[in-house]
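What follows is a short report on a single structure.
All residue numbers in this chain count up from 1 along the given sequence. What you see is a predicted model, and the numbers here were worked out from it, not measured in a lab. The figures that follow rest on heavy atoms only: side chains count, while hydrogens, waters and symmetry mates do not.
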Amino acid sequence: MASEDSLLCPFRQWAKIVKYIWGYKGASEETPVSAVWHVDKIDRITSKEMVNALRAAVFALGEDKLGLKIKDIGTHSIRSGAVMAMYLGECPVYVIMMIGCWSSNALLRYIQKQVEQFSYTVSYRMLQFETHRHISDPVPTISRLDPRQRNHLDNEETRRNVGGNLTQQVCLPAFALFN
């Protein structure tokens, strides 16, 4: 289970939606989750209808209050909003990548640094220690698994210096645990 909260657990919600749709007359395992019961038949919600609903919500709440322009809202707003919510909820970036099936760090473009929320947590963490000292390590220790170190096969600089032999070149992982 992804969440102890039955309302916020995406797996429970997905199962609930699927079960609801399978209750439609004529629905099967092939019926998409975009299906709705409309005028005594299964119909689909179109992306245009979804955009109209999102824009109507922005209009109802107010552009000024949300800091969003109605014309800038589209179906991708759902994806970028989910990324931002997970980020502000302090989900690690690699978890966001796995949940959203991101194969690159393109999701970072969706993370809008919302100064008020972001700076609050940073300030709070900074104030946890009244004093501190920095004692440098004369011999820094770096994990041999960390791809940022020199001569690591997943290090881009190392890969560029491998030479012309394509069998020696290495693919970067979809995400790195060393952020």
Side-chain angles (χ1 to χ4, degrees), residues 1-128 147 154 156 171-179:
M1 178 175 14
S3 171
E4 295 298 323
D5 189 308
S6 62
L7 181 64
L8 297 178
C9 177
F11 300 108
R12 287 184 180 187
Q13 288 304 314
W14 189 262
K16 190 175 178 180
I17 291 169
V18 169
K19 186 177 177 182
Y20 187 80
I21 290 172
W22 283 356
Y24 296 157
K25 182 180 175 185
S28 71
E29 290 183 10
E30 302 300 317
T31 306
V33 293
S34 62
V36 292
W37 188 256
H38 182 68
V39 191
D40 296 330
K41 66 177 183 146
I42 295 175
D43 205 354
R44 293 180 74 170
I45 298 172
T46 66
S47 62
K48 184 70 177 161
E49 290 169 325
M50 185 57 69
V51 169
N52 289 340
L54 290 169
R55 289 179 176 170
V58 171
F59 179 78
L61 294 170
E63 289 181 336
D64 293 334
K65 183 177 181 181
L66 295 173
L68 302 168
K69 298 284 183 205
I70 291 174
K71 65 179 177 61
D72 295 332
I73 299 299
T75 54
H76 217 69
S77 302
I78 298 168
R79 189 165 168 92
S80 62
V83 168
M84 193 65 214
M86 286 186 276
Y87 180 75
L88 290 175
E90 298 183 1
C91 284
V93 172
Y94 72 92
V95 171
I96 298 171
M97 291 175 74
M98 289 189 299
I99 289 172
C101 298
W102 296 87
S103 61
S104 72
N105 63 357
L107 74 115
L108 297 175
R109 285 181 269 176
Y110 294 103
I111 298 175
Q112 303 162 352
K113 303 280 193 231
Q114 294 182 3
V115 177
E116 187 176 325
Q117 291 92 342
F118 182 74
S119 64
Y120 171 77
T121 57
V122 171
S123 300
Y124 176 78
R125 290 178 185 168
M126 289 171 60
L127 296 173
Q128 294 301 304
D154 288 338
E156 183 180 355
C171 294
L172 283 174
F175 63 89
L177 297 177
F178 303 94
N179 292 354

The ring-ring contact (aromatic ring centres under 6.0 Å, His included) partners of Tyr20 (sequence neighbours excluded) come to Tyr24
side-chain hydrogen bond (donor to acceptor under 3.5 Å, both in side chains) filter on Ser47, not counting sequence neighbours, yields none
So CD1 of Ile73 and CD1 of Ile78: to nearest 0.5 Å the spacing works out to 10.0 Å
In short, Ile70 meets Arg55 closest at the heavy-atom pair O-NE, 3.2 Å
Residues at least two apart in sequence or cross-chain that pass side-chain hydrogen bond (donor to acceptor under 3.5 Å, both in side chains) with Glu49, listed by chain then number, are Thr46
**Prompt:** Quick one: are Val33 and Val18 in side-chain contact, heavy atoms under 4.5 Å?
**Reply:** yes
#### Entry: Heavy-atom neighbours of Met50 CE exceed 12 at 6.0 Å
no
Contacts of Asp43 meeting side-chain contact (heavy atoms from CB on, under 4.5 Å) (sequence neighbours excluded), chain-then-number -> Val36, His38
Taken in chain and number order and not counting sequence neighbours, the residues that satisfy side-chain contact (heavy atoms from CB on, under 4.5 Å) with Lys69 are Glu63, Lys71, Asp72
Hits for side-chain hydrogen bond (donor to acceptor under 3.5 Å, both in side chains) against Ser34, two or more places apart or cross-chain, chain-then-number order -> Arg44
Heavy-atom nearest pair, Ile21 first then Ala27, reads O-CB, 3.2 Å
